[in-house]
Amino acid sequence: MARCFSFTASRDRCFRYSFSNAGLKSTTTDLGDGTIMHCWVPKTHNDSKSSLLLIHGFGANSMWQWSEFISPLTHRFNVYVPDLVFFGESYTTRPERSESFQAHCVMGLLEAHGVRRMSVVGISYGGFVAYSMAAQFPESVEKVVLCCAGVCFEEKDMDEGMFKVKSVDEAVSILLPQTPEKMRQLLQLTFVKPIKVMPSCFINDYIDVMCTENFQEKKELIEALHKDRKLSDLPKITQHTLVIWGEQDQVFPLELAHRLKRLLGEKAQLVVIKNAGHALNVEKPKELYKNFKSFLIDPITPSLQENHSNGNGRKVD
């Protein structure tokens with residue numbers, strides 16, 4: 001029997017309304033190489049505003065991950081919110097699966113919309129893509145914000161027990177949940193205080209709508225992220241970078257934040273948010289936005305930066 005109501009699909013429609021109400025429109029761009037990119041873009045580009053790119057991580061489409069931030073940010077920026085390849089309405093027939101390829105696709109999308117320079121915010125997997133964009137296109141990327149993005153992890157870290165998961169296959173089974181049990185494991189892994197009561201019917205609905213399409217391709221994205229990864233191969237980006245981490249992140253442990261800060265040196269500012277895990281955008285949206293605002297918008301002198309902190313986070317030099 002066909003399902004007559006989907007909570008997930010209904011929520012998705014609400015997000016579409018909120019994005020549209022914030023002055024964005026849904027667009028699809030053919031990059032001409034077998035790649036189709038979907039993106040929320042300004043209905044009217046304002047030349048007096050800077051451009052800001054928001055890149056999502058694994059999970060649902062971009063709307064679900066950035067909905068809390070759209071309204072305040074669109075008042076300040078020309079905001080662009082793409083679906084990465086194999087998420088939402090974005091897709092490719094090409095075989096590439098690296099974050100470098102994702103970065104090229106996003107840059108091609110922005111160029112198609114006439115965007116030549118922007119700041120970039122990436123969360124989790126989106127941070128890998130943001131970092132790659134900053135490395136490959138330094139003339140286009142102005143500032144970088146990386147949220148819980150373990151770009152400094154190495155393949156050997158998993159073998160040495162750094163992560164809660166013990167293998168790539170286990171990571172795939174949790175990050176791409178296909179059963180209520182795996183979804184509950186994902187929530188336990190990403191939240192400090194996960195929802196305790198969640199009926200299986202709601203979980204199954206979410207899995208059916210958000211987690212089944214392009215499963216094999218997303219699995220390959222995770223595998224590509226891990227295979228042969230070495231810190232020595234990671235380029236050092238030169239942009240001013242804000243690194244934000246949840247103090248209790250169980251997906252990418254806090255040690256990776258300190259590793260990234262050591263790599264980038266004085267160009268990077270690290271803020272650790274207390275009582276937060278990996279899902280910073282859901283658990284601590286107000287604190288996250290305050291840090292976005294202070295780094296991307298407010299004029300902060302170097303002397304003020306050294307003392308920057310708030311009640312829920314601390315700056316780490």
Side-chain angles (χ1 to χ4, degrees), residues 27-41 51-66 79-113 115-116 118-153 155 168 171-172 175-176 210-211 213-230 233-235 237 239 241 251-252 260 281:
T27 65
T28 302
T29 302
D30 188 342
L31 298 185
D33 62 351
T35 304
I36 304 294
M37 294 293 291
H38 173 265
C39 188
W40 287 92
V41 307
S51 293
L52 179 64
L53 174 67
L54 303 178
I55 309 181
H56 66 85
F58 267 84
N61 60 46
S62 59
M63 294 186 298
W64 288 65
Q65 299 189 34
W66 293 116
V79 177
Y80 294 82
V81 192
D83 285 323
L84 294 174
V85 175
F86 301 123
F87 295 85
E89 299 173 43
S90 297
Y91 188 79
T92 189
T93 58
R94 295 180 60 172
E96 291 93 337
R97 298 293 183 263
S98 67
E99 68 262 41
S100 175
F101 174 67
Q102 292 274 17
H104 272 277
C105 291
V106 174
M107 186 56 70
L109 166 71
L110 293 174
E111 290 176 349
H113 285 281
V115 181
R116 296 291 181 264
M118 79 296 295
S119 291
V120 184
V121 179
I123 187 164
S124 192
Y125 178 66
F128 286 77
V129 180
Y131 193 98
S132 185
M133 288 184 68
Q136 295 182 74
F137 310 105
E139 71 287 349
S140 298
V141 177
E142 185 176 4
K143 290 183 177 181
V144 182
V145 180
L146 305 173
C147 307
C148 295
V151 295
C152 281
F153 93 87
E155 183 178 27
V168 175
V172 168
L175 293 174
L176 304 174
M210 291 293 175
C211 302
E213 194 170 8
N214 300 325
F215 175 86
Q216 179 59 33
E217 291 85 352
K218 290 177 181 176
K219 177 176 181 287
E220 292 166 3
L221 293 178
I222 296 173
E223 292 169 343
L225 205 64
H226 173 264
K227 184 175 175 57
D228 298 326
R229 193 172 192 90
K230 296 179 181 179
D233 293 334
L234 187 70
I237 62 175
Q239 294 89 342
T241 302
V251 176
F252 290 123
L260 181 57
N281 53 326

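Atom set for the values below is all heavy atoms of this structure, side chains included, hydrogens, waters and symmetry mates excluded.
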Show your reasoning for whether side-chain contact (heavy atoms from CB on, under 4.5 Å) applies to F87 and N61. CA-CA 6 Å; F87 295 85; N61 60 46; 5.6 Å; no
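- The main-chain N or O of P138 is never found under 3.5 Å from a side-chain atom of S140 such that the two would form a donor-acceptor pair.
- Closest of all the heavy-atom pairs between R94 and R97 is O-NH1, 2.9 Å.
- Inspection of the S132 and Q102 side chains reveals no N or O donor paired with an N or O acceptor under 3.5 Å.
- Heavy atoms only, all atoms of each residue included: Q239 and A134 are closest at NE2-O, 3.1 Å.
- Residues P82 and H56 come closest through the heavy atom pair O-CD2, 3.3 Å.
- The aromatic rings of F128 and F252 are tilted relative to each other, their planes meeting at an angle between 30° and 60°.
- Looking only at side-chain heavy atoms (C-beta outward), Y131 and V120 stay at 4.5 Å or farther from each other.
- The two residues V85 and C105 make their nearest non-hydrogen contact at CG2-SG, 3.9 Å.
- Taking the side chain as every heavy atom from C-beta outward, L175 and Y125 never approach each other to under 4.5 Å.
- Side-chain contact check for T28 versus I36: some heavy-atom pair is nearer than 4.5 Å.
- A distance of 5.0 Å separates OH in Y80 from OG in S51, rounded to the nearest 0.5 Å.
- The two atoms that bring G127 and A149 nearest to each other are CA-CB, 3.6 Å, heavy atoms only.
- Put simply, OG1 on T241 and CD1 on I237 are 3.5 Å apart, with the number rounded to the nearest 0.5 Å.
- Contact record, T29 with A112: CG2-CB, 3.8 Å, taken as the closest heavy-atom pair.
- Ring planes of F137 and H104: perpendicular class, angle over 60° (limits at 30 and 60°).
- Taking the six-membered ring where the residue is Trp, F86 and Y91 present perpendicular rings, their angle passing 60° and hence far from 30°.
- A 4.5 Å side-chain heavy-atom check between V79 and W40 finds every atom pair outside the cut-off.
- For E155 and R229, the salt-bridge test fails: no basic side-chain N is under 4.0 Å from an acidic carboxylate O.
- E217 meets the side chain to side chain donor-acceptor pair (under 3.5 Å) test with no other residue; sequence neighbours excluded.
- Between V81 and I55 there is no side-chain heavy-atom pair separated by less than 4.5 Å.
- By the 4.5 Å heavy-atom criterion applied to side chains, V144 and S119 are not counted as neighbours.
- Within the 3.5 Å criterion, the main-chain N or O of S90 finds no donor-acceptor partner in the side chain of D83.
- Annotation for E111: atom CD counts as buried by contact number, over 12 foreign heavy atoms lying within 6.0 Å.
- At a threshold of 4.5 Å between non-hydrogen side-chain atoms, the residues L53 and V121 do not count as touching.
- A distance of 10.5 Å separates CG in L84 from NZ in K218, rounded to the nearest 0.5 Å.
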M118/E142 under side-chain contact (heavy atoms from CB on, under 4.5 Å): CA gap, chis, key distance, verdict: CA-CA 6 Å; M118 79 296 295; E142 185 176 4; over 6 Å; no
side-chain contact (heavy atoms from CB on, under 4.5 Å) assessment of L234 paired with C152: CA-CA 7 Å; L234 187 70; C152 281; 3.9 Å; yes
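- Rounded to the nearest 0.5 angstrom, S98 OG and L225 CG are separated by 9.5 Å.
- Here CD of E220 is found 13.0 Å from NZ of K227. Values are rounded to the nearest 0.5 Å.
- Note that the NE2 atom of H113 and the CE atom of M37 stand 9.5 Å from one another [nearest 0.5 Å].
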